[in-house]
Amino acid sequence: MSETEHYVFLLVEGFSHLAFSCAVEPLRIANLVSGKPLYHWSYISENGDTATSSNDSVTLVHGGLEPLNKVDILFVLSGLNVWEHITPGLLSFIRRERAHGIKIGALCSGAFVLAKAGLLDGVPTALHWEYHDSFMEEFPEVSLCRNVFVSDAKYITASGGTATADLMLHLIEKNHGSDLAVAVADQMVYNAVREATAEQRVSLQSRHGIRNPNLVRAIQIIADSIEDPVSPSVIADEVGISTRQLERLFGRYLNCSPAKYFLDMRLHKAQNLLLQTEQSVTEISLSCGFKTQAHFARVFRAQFGNTPLMHRTKII
């Protein structure tokens with residue numbers, strides 16, 4: 001490719017500065033290493049003047065939500081509390097540009113914006129793992145995946161953080177060859193470039209040093225049963241070991257019982273939904289497998305020191 005590609009980054013208030021840097025710097029370095037203006041980039045925001053990131057850095061932008069011209073990709077980049085910054089004007093702009101044939105992608109939590117605009121139904125989508133619980137509750141029709149990025153779908157998505165650099169290096173390789181992509185990675189001192197299919201989070205085995213397949217299988221069963229909890233005996237039966245053996249595995253590797261681990265996972269999901277959605281406490285308790293709101297409130301308070309409603313109000 002000989003023509004300069006133009007990438008536009010729509011910076012939503014509270015955007016991730018890490019993802020922002022990981023998106024732009026590979027493009028800058030590609031120009032530097034190649035000695036050619038392979039890439040040009042612009043920043044826009046809803047107010048047309050500035051955008052403030054989640055670390056309070058203020059970025060000057062090149063314009064607002066005017067119609068785009070001669071743009072190769074429009075990336076929507078957001079971050080914390082993205083749902084608070086999705087406005088009718090933002091959604092109208094994205095829908096209009098899509099109707100005009102502009103290719104659109106999303107970085108970090110930007111998938112929330114595209115999903116809210118109705119663009120991601122049935123589309124394989126990468127999103128930062130921390131937002132998975134709330135996203136699946138609000139957009140069950142979107143094909144959410146654990147990949148660090150998705151580049152071969154209708155809409156390009158990256159999960160955020162350094163995964164954005166992985167995506168950009170992939171695009172550089174696709175458009176200008178592997179030699180340039182490797183040279184850019186070397187300039188970044190980035191020697192662990194990941195393919196799209198790499199999972200975002202460090203595996204359970206690596207995080208805890210676990211090599212026992214029975215424990216890994218048991219934890220997967222727990223993760224798949226959040227809304228309809230199963231007993232340790234049922235988990236043990238599915239794994240093919242005794243309940244006593246299951247208890248010993250959790251005690252040895254995780255220093256807790258299966259029931260405690262299961263409860264912690266359910267409460268962690270509940271905490272995410274409280275902070276990332278507007279669902280009622282009753283709805284959240286049911287989606288996390290608690291049959292009564294009273295039981296949910298009691299165990300939540302024991303874990304976090306306040307009730308679900310107090311927790312939501314305190315954080316906000």
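Here the structure is a predicted model, which means the values were calculated and not measured.
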Between [X] and [Y], is there a donor-acceptor pair closer than 3.5 Å when you use the side chain of the first and the backbone of the second?
X: Ser280; Y: Glu283; value: yes
X: His100; Y: Ile102; value: no
X: Thr4; Y: Pro37; value: yes
X: Asn47; Y: Thr50; value: yes
X: Ser159; Y: His128; value: no
X: Ser109; Y: Gly79; value: yes
X: Ser225; Y: Asp228; value: no

Donor on one side chain, acceptor on other, [X] and [Y], under 3.5 Å:
X: His62; Y: Ser42; value: no
X: Asn272; Y: Tyr131; value: no
X: Glu5; Y: His40; value: no

Heavy-atom check, side chain of [X] versus side chain of [Y], under 4.5 Å:
X: Lys116; Y: Leu91; value: yes
X: Leu77; Y: Cys108; value: yes
X: Gln271; Y: His311; value: yes
X: Val12; Y: Val76; value: yes
X: Leu74; Y: Lys103; value: no
X: Lys260; Y: Phe250; value: no
X: Phe149; Y: Thr164; value: no
X: Val8; Y: Tyr43; value: no

Between [X] and [Y], what is the shortest heavy-atom contact and its length?
X: Leu119; Y: Tyr155; answer: O-CE1, 3.0 Å
X: His6; Y: Lys70; answer: ND1-O, 3.4 Å
X: Glu66; Y: Arg96; answer: C-NH2, 3.4 Å
X: Ser16; Y: Ser54; answer: CA-OG, 4.1 Å
X: Glu227; Y: Ser287; answer: CG-O, 2.9 Å
X: Val281; Y: Pro308; answer: CG1-CB, 4.0 Å

Compile the donor-acceptor pairs under 3.5 Å between side chains in residues 290-304 and protein atoms, sequence neighbours left out, one pair per line.
{"from": "Thr292", "atom 1": "OG1", "to": "His295", "atom 2": "N", "distance (Å)": "3.1"}
{"from": "Gln293", "atom 1": "OE1", "to": "Thr282", "atom 2": "OG1", "distance (Å)": "2.5"}
{"from": "Gln303", "atom 1": "NE2", "to": "Asp264", "atom 2": "OD1", "distance (Å)": "3.2"}

Nearest 0.5 Å, what's the [atom1]-[atom2] distance between [X] and [Y]?
X: Leu38; Y: Ile172; atom1: CG; atom2: CD1; result: 8.5 Å
X: Phe135; Y: Leu144; atom1: CZ; atom2: CG; result: 6.0 Å
X: Ile226; Y: His268; atom1: CD1; atom2: NE2; result: 10.0 Å
X: Asp237; Y: Ile235; atom1: CG; atom2: CD1; result: 10.0 Å
X: Ile219; Y: Arg217; atom1: CD1; atom2: CZ; result: 12.0 Å
X: Leu90; Y: Glu13; atom1: CG; atom2: CD; result: 10.5 Å

**Message:** Please identify which of these residues, Thr157, Leu127, Val150, Thr125, meets the side-chain contact (heavy atoms from CB on, under 4.5 Å) condition with Cys145.
**Reply:**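 Output: one option passes, namely Val150.
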**Message:** Just to verify, what does Ser21 make a side-chain contact (heavy atoms from CB on, under 4.5 Å) with, not counting sequence neighbours?
**Reply:** His17
**side-chain contact (heavy atoms from CB on, under 4.5 Å) partners of Val189, counting only residues at least two apart** =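 So Val189 forms no side-chain contact (heavy atoms from CB on, under 4.5 Å) with any residue.
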Is atom [atom1] of [X] surrounded by more than 12 heavy atoms (other residues, nucleotides or ligands) closer than 6.0 Å?
X: Glu278; atom1: CD; value: no
X: Asp224; atom1: CG; value: yes
X: Arg252; atom1: CZ; value: no

Are [X] and [Y] joined in one hydrophobic group, where the rule is that I, L, V, M, F, W and Y side chains link up if heavy atoms are under 4.5 Å apart?
X: Val184; Y: Leu32; value: no
X: Leu107; Y: Leu18; value: no
X: Leu286; Y: Leu309; value: no
X: Val182; Y: Leu169; value: no

**Stepwise side chain to side chain contact (heavy atoms under 4.5 Å, CB included) check, Val123 with Val142** = CA-CA 6 Å; Val123 177; Val142 178; 5.6 Å; no
**Request:** Look at Glu137 together with Lys269 and state whether they make a salt bridge at an N to O cut-off of under 4.0 Å.
**Result:**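 Judged by the 4.0 Å cut-off on N to carboxylate O distance, Glu137 and Lys269 do form a salt bridge.
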**Request:** Flag the pair Arg244 and Glu247 as a salt bridge only when some basic side-chain nitrogen lies within less than 4.0 angstrom of an acidic carboxylate oxygen.
**Result:** no
**Message:** Pair Phe9, Ile73 - check side chain to side chain contact (heavy atoms under 4.5 Å, CB included), show working.
**Reply:** CA-CA 8 Å; Phe9 296 94; Ile73 302 178; over 6 Å; no
**Prompt:** Yes or no on ring pair (Phe, Tyr, Trp, His ring centres under 6.0 Å) for His176 and Tyr39, after CA distance, side-chain angles and deciding distance?
**Reply:** CA-CA 11 Å; His176 302 288; Tyr39 295 99; 5.5 Å; yes
**Request:** Starting from the C-alpha separation in whole Å, work towards a yes-or-no answer on side chain to side chain contact (heavy atoms under 4.5 Å, CB included) for Glu173 and Leu180.
**Result:** CA-CA 7 Å; Glu173 179 178 8; Leu180 179 59; over 6 Å; no
**Request:** Show your reasoning for whether side chain to side chain contact (heavy atoms under 4.5 Å, CB included) applies to Cys288 and Leu273.
**Result:** CA-CA 10 Å; Cys288 295; Leu273 296 180; 4.2 Å; yes
**Request:** Quick one: do Tyr261 and Arg266 satisfy side chain to side chain donor-acceptor pair (under 3.5 Å)? Show the steps, please.
**Result:** CA-CA 9 Å; Tyr261 188 88; Arg266 293 160 63 197; over 6 Å; no
